[in-house]
Participant: 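Structure incoming, see below.
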Amino acid sequence: MFATALIVFRETLEAALFIGIIAASTRGLFRRTHWLSIGVIAGCFGAVGVALTIERISTLGEGLGQDFLNIGIISIALLMLTWHCVWVSTHSQETIQTAKKLANTAKNGLSSLWALSIAVALAVLREGAEIVVFISGFTSGSAQSVATMLIGVVIGLLCGVVCGLLIYAGLSKIRTQHFFAVTNVWVLIMAGALAAHLAKALTQSGLVQRWADPLWDTSSILSIDSPLGTLFRALLGYDASPSGLQVLFYMGTIIFISCAAQQVKRLAQKS
Amino acid sequence: MLARTLLIVTLGLFGMSSLLAAEFEKLLIIKNHRFEPAEIKVPANQRIKLVVHNQDSTPEEFDSPKLSREKLVPANSKITIFIGPLKPGRYEFLGEYNVKTATGVVIAE
């Protein structure tokens, strides 16, 4: 039961923290909960869909189907986060002023919540599919063992969700004048982390072979398997021995989005 | 137009993966929640195509922080993982769903 809970918790944690940060960064936006909930529900359905067809997906492309799917999912999620970050930069005045005004901009169709909804759905899909595959694979035992396992699944899920709620509550405590500065930077970091995942997926699939060597190794200081390492991985995209490509993607994405946001903001101010 | 571009890109991806198939290849079998062989010797500084064949009726997740690889291996399925080029050394891996029995190591030399 404990082992099951741990596996489910690990998979849930990443998605839950991601949703917690996204939910905090969009606090006060009109129909935010509605959009994010749609994302979570769609992600759950997607996860079941992927899990049901995982055998077929896996054998595609000479055993690389999963990697191709992963690359597609991460790329779209990254695109959505990029879009949101750029959108937010042009609306920072409103975001800082009042939630009410934000409600108006959202009503006018200027919100990037749809993009975040897709990003959330894909995060849930990615982590959820693994949970569903895991559960469905091990429910063939006796009724008692299945019941014990399901208790483990529920505990793992709940612990993950609690972590998501904790980060949300923690972020919500930040004083209003700094709030969006912090949450927006964090969303930017999440985009960098996603890009690093993309780099890893590209290397794993064999599609990109360059800069695959680890640049450094901090596993003796903070192992990726340790609880703290897992947390850092989910919150900041930490990797104990990242490849050159991962570092390039991580930094490149953060720089690219920051520059694009600045540029768009300048254009918006001119017009 | 979009559909055609997508088709070309997809074909390109599959084409590239089949081109890569000519590299050093090793077969790793999962049976009774154990890896066979549990020790894989591979040449250092060379890319290796690791074909993982899960013969169990339960799924497994190939996981190795040291190799920086993580991939589901569904029941009764074969998947491919590219690893390396590796520096000489030991690279442990495990099956995340059966950590007590499913352990192994890649030895690059």
Participant: Under the criterion side chain to side chain contact (heavy atoms under 4.5 Å, CB included), I'd like the reasoning laid out for B/Phe82 against A/Leu64: C-alpha separation, chi angles, the key distance, then a yes or no.
Facilitator: CA-CA 9 Å; B/Phe82 284 100; A/Leu64 292 171; 3.8 Å; yes
Participant: Salt bridge or not for A/Glu62 and B/Lys78, using N-O below 4.0 Å?
Facilitator: no
Participant: Say you draw a straight line from CD of A/Gln66 to NZ of B/Lys71; how long is it, rounded to the nearest 0.5 Å?
Facilitator: 5.5 Å
Participant: Report the residues that fulfil ring pair (Phe, Tyr, Trp, His ring centres under 6.0 Å) with A/Phe9, sequence neighbours left out, ordered by chain and then residue number.
Facilitator: none
Participant: Checking heavy atoms, do the side chain of A/Asp213, its backbone, both or neither come under 4.5 Å from chain B?
Facilitator: side chain
Participant: Is atom OH of A/Tyr238 surrounded by more than 12 heavy atoms (other residues, nucleotides or ligands) closer than 6.0 Å?
Facilitator: yes
Participant: Select one option (side chain, backbone, both, neither) describing which atoms of B/Asn54 are under 4.5 Å from chain A's heavy atoms.
Facilitator: neither
Participant: For each of A/Thr59, A/Asp217, A/Asp239, A/Ile54, tally heavy-atom pairs with chain B at distances under 4.5 Å, and name the one with the top tally.
Facilitator: A/Ile54
Participant: Less than 4.5 Å to any heavy atom of chain B: does that hold for the side chain of A/Ser58, its backbone, both, or neither?
Facilitator: both
Participant: At under 4.5 Å between heavy atoms, what parts of residues 59-69 of chain B are in contact with chain A? List them by residue number.
Facilitator: B/Pro59, B/Glu61, B/Pro65, B/Ser68, B/Arg69
Participant: Checking A/Gln204 side chain against B/Glu70 main chain: does a donor-acceptor pair fall under 3.5 Å?
Facilitator: yes
Participant: Atom CD1 of B/Ile83 and atom OG1 of A/Thr203: how far apart are they, to the nearest 0.5 Å?
Facilitator: 13.5 Å
Participant: How would you list, by chain and number, every residue that makes a side chain to side chain donor-acceptor pair (under 3.5 Å) with A/Glu14, sequence neighbours excluded?
Facilitator: A/His197, A/Arg233
Participant: Going by the rule side chain to side chain donor-acceptor pair (under 3.5 Å), which residues pair with A/Asp225 if we only count those two or more places apart in sequence or in a different chain?
Facilitator: none
Participant: Between B/Thr80 and A/Asp67, what is the shortest heavy-atom contact and its length?
Facilitator: O-OD2, 4.1 Å
Participant: Over all heavy atoms of both residues, which pair between A/Glu55 and B/Pro74 is shortest? Give the atoms and the distance, please.
Facilitator: CG-CB, 3.5 Å
Participant: A/Ile224 versus chain B, heavy atoms under 4.5 Å apart: side chain, backbone, both or neither?
Facilitator: side chain
